[in-house]
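Everything on this sheet refers to the single structure shown next.
Keep in mind that the numbers below use all heavy atoms, side chains included, and drop hydrogens, waters and symmetry copies. Residue numbers begin at 1 in each chain, while the letters A, B, ... track the order of the sequences.
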Amino acid sequence: MSADDGDCIITVRNLVKKYDNLQAVDHISFCVKKNEIFGFLGPNGAGKTTTVRMLVGLSNITEGEARIGGYDVVRDYKKVRRIIGVVPDISNLYSELTALQNLLFSAAMYGVPKKYRQERAEKLLKFFGLWKMRNFKFKNLSKGLKRRLTIAAALTHNPKILFLDEPTAGLDVMSRRVVWERILELNKSGVTIFLTTHNVYEAFHICDRINIINKGRIVASGTPVELGRKFSAKEVVEVAFQPVNPSVKELAKHVTGALSVKSEKDRIEIVTSNPIPVIEGLIQYAKLNKLNISMLSLRGADAEELFLQIVGEQ
Amino acid sequence: MLDELVKSLYIAGKDFREYYLKPGSLSWGIIFPFVFALAFITRRGGITEWLAPGMISLALFFGSTSMSAMSIVFERRIGSFERLLLFPIGYNCISLGKSLSSFIMGIISAIPVLLLTLIILPKPPAFTLLLTITILITTFTSSTFGVLISFLVKDPTQVMTVFNIVRFTMMFLSDIIIPITMMPHYVIPISLALPLTYMTEALRYAYTGSYDILPPEISITVSLILGILFLVGSSEVIKRSKP
Ligand SMILES: Nc1ncnc2c1ncn2[C@@H]1O[C@H](COP(=O)(O)OP(=O)(O)OP(=O)(O)O)[C@@H](O)[C@H]1O
Ligand SMILES: [Mg+2]
């Protein structure tokens, strides 16, 4: 590992991906520390999958560089592949092979010596609660079990780093929790996790550090606590007028200190770090326009609102 | 090197297990060539020895290309092809693995047709050993050819169409059902540009002891060289098709 990598097991510098006219990833840099769960949080189309694909060698890098475990991901791609496991955004194992056959194939392709393959596959099947289904064809497993098996297949060679692209997208609450639990356990056993998600709760629930990506750029980063602090100072003023709510645009012109104003069902929500002038502004606006305020409340912002705000500012 | 060879065998084994029973491989790869051969070899005009090698060539070509279509096109479409790109192996290992599964399928398709000709035709093959070798070589070439085409066509959904155009063009222009000696002279260059012409001529010499226009030294050598070129080409195409 080169000296300036510090304790970063993944180092990314000024990474760019261009598709024809589109800059899908726009000069991003970050470091993933050994043994952490690193979350890449962003809305649809933010560039999460594109970033992962460049790191694991499925896409060409337009510009910039990335190192994993000290190896250049382009030059030393075979060495990189031996130490990483990759779970793509779709569960893409072989449908006619059984759960066990899929794992054995993966182990063989990763060069696990023959005598250890069976043992390794069985251990993973048990770890992911798939033992009873070991002889089921992949195509006959439920969505949640397919996902788990796809994760298992990325672990047959005991990788140091596991890339998970939207590991729980489309799973029900139960399956999602099982996956989270397994990820946390893997991490405890020493596997560094790089996880992408659009689920704010997931990122804040299981990641040690989060980078928020939007339109190909990293727009915020920190631990869940740090990110939380950034906006725990933020509050949401909810207001409703009688006989009818003014438009969001109109109201935004009249309140000072609002970070965002949006209409939500029968009320309007205003995010702010300074609620007093906002409330004063609202009262004044009501008086001026001969409206009644039928509801007014103040609460702390939640993680999803922070996310929307950060992403909305772009 | 040896390590990658073993891994390409694993890929072939996996492909075979996954796809040999799929309707696409069965109908295009096994049933069609057999029924076709049966119809031609037993038709009114009687049994012709000339037809036999063409029928074998057609069978191994249909068989092997039906496997590459499945194992590459289908996998690319559903996204499982990318799994192979994540293993610590080279592109050659992937194209060889894919060629080997096509090869197995080609041999499986050719066997029933070969047996059929052996049963029906009164004369045994001229050179048995050479016939075995040329079957192996031509199946290899048609496998790597199918693999190359499967990777070359950008849109996976169009590969079947491309394959069928290639298959039927070759069927008529590659000395299989229409002798090259009876073709108008301006068609002959086209025929000579098709790999299946060399393969069929190689098989024809081994089976009947004579050839139409390509002597065995040429037809066999060209078949083998093309097979290797297609293999190398496929690896290059996989590498370049990375987005
Ligand atoms: N092969 C491609 N060709 C052209 N554009 C692409 C390609 N792949 C992705 N894009 C574009 O790049 C941008 C980033 O896509 P990407 O898949 O990385 O987003 P994402 O953050 O993973 O989103 P999602 O949550 O939907 O998975 C999108 O605008 C997408 O349309
Ligand atoms: Mg994605």
Proximity breakdown for A:Lys17 and chain B, heavy-atom pairs closer than 4.5 Å = side chain

Residue part contacting chain B, namely of A:Ile84, when any heavy atom lies under 4.5 Å |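 Interface part for A:Ile84: neither.
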
B:Arg83 side chain vs A:Tyr94 backbone, donor-acceptor pair below 3.5 Å = no

Using modelled atom types only, decide if a donor and an acceptor are shared between the side chain of A:Asn60 and the backbone of B:Lys242 within a distance under 3.5 Å.
->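 The answer is yes, because a donor-acceptor pair under 3.5 Å joins these two groups.
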
Checking heavy atoms, do the side chain of B:Ile78, its backbone, both or neither come under 4.5 Å from chain A?
-> backbone

Looking only at heavy atoms, what is the nearest atom pair of B:Glu82 and A:Arg53, with distance?
->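 That would be OE1-NH1, 2.8 Å.
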
Might you point out which heavy atoms bring A:Asn92 and B:Gly79 nearest each other, and give the distance in Å?
->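 Heavy atoms of A:Asn92 and B:Gly79 come nearest at ND2-O, 3.0 Å.
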
For each of A:Ala154, A:Ser95, A:Pro88, tally heavy-atom pairs with chain B at distances under 4.5 Å, and name the one with the top tally.
->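 Answer, by heavy-atom pair count under 4.5 Å with chain B: A:Ser95.
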
Who among A:Ala108, A:Ala153, A:Gly111 has the most heavy-atom pairs with chain B under 4.5 Å?
->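 Looking at each of A:Ala108, A:Ala153, A:Gly111 in turn, A:Ala108 comes out on top.
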
Assign the ring pair B:Phe87 / A:Phe105 to parallel, tilted or perpendicular, where the plane angle (0 to 90°) is split at 30° and 60°.
-> perpendicular

Using 4.0 Å as the upper bound for N to carboxylate O, is an ion pair formed by A:Lys78 and B:Glu4?
->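 Result for this pair is yes, salt bridge flagged.
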
Within a strict 4.5 Å, meaning less than it, do heavy atoms of the B:Lys14 and A:Asn102 side chains meet?
->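 A side-chain contact is absent here, since even the closest heavy-atom pair is not under 4.5 Å.
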
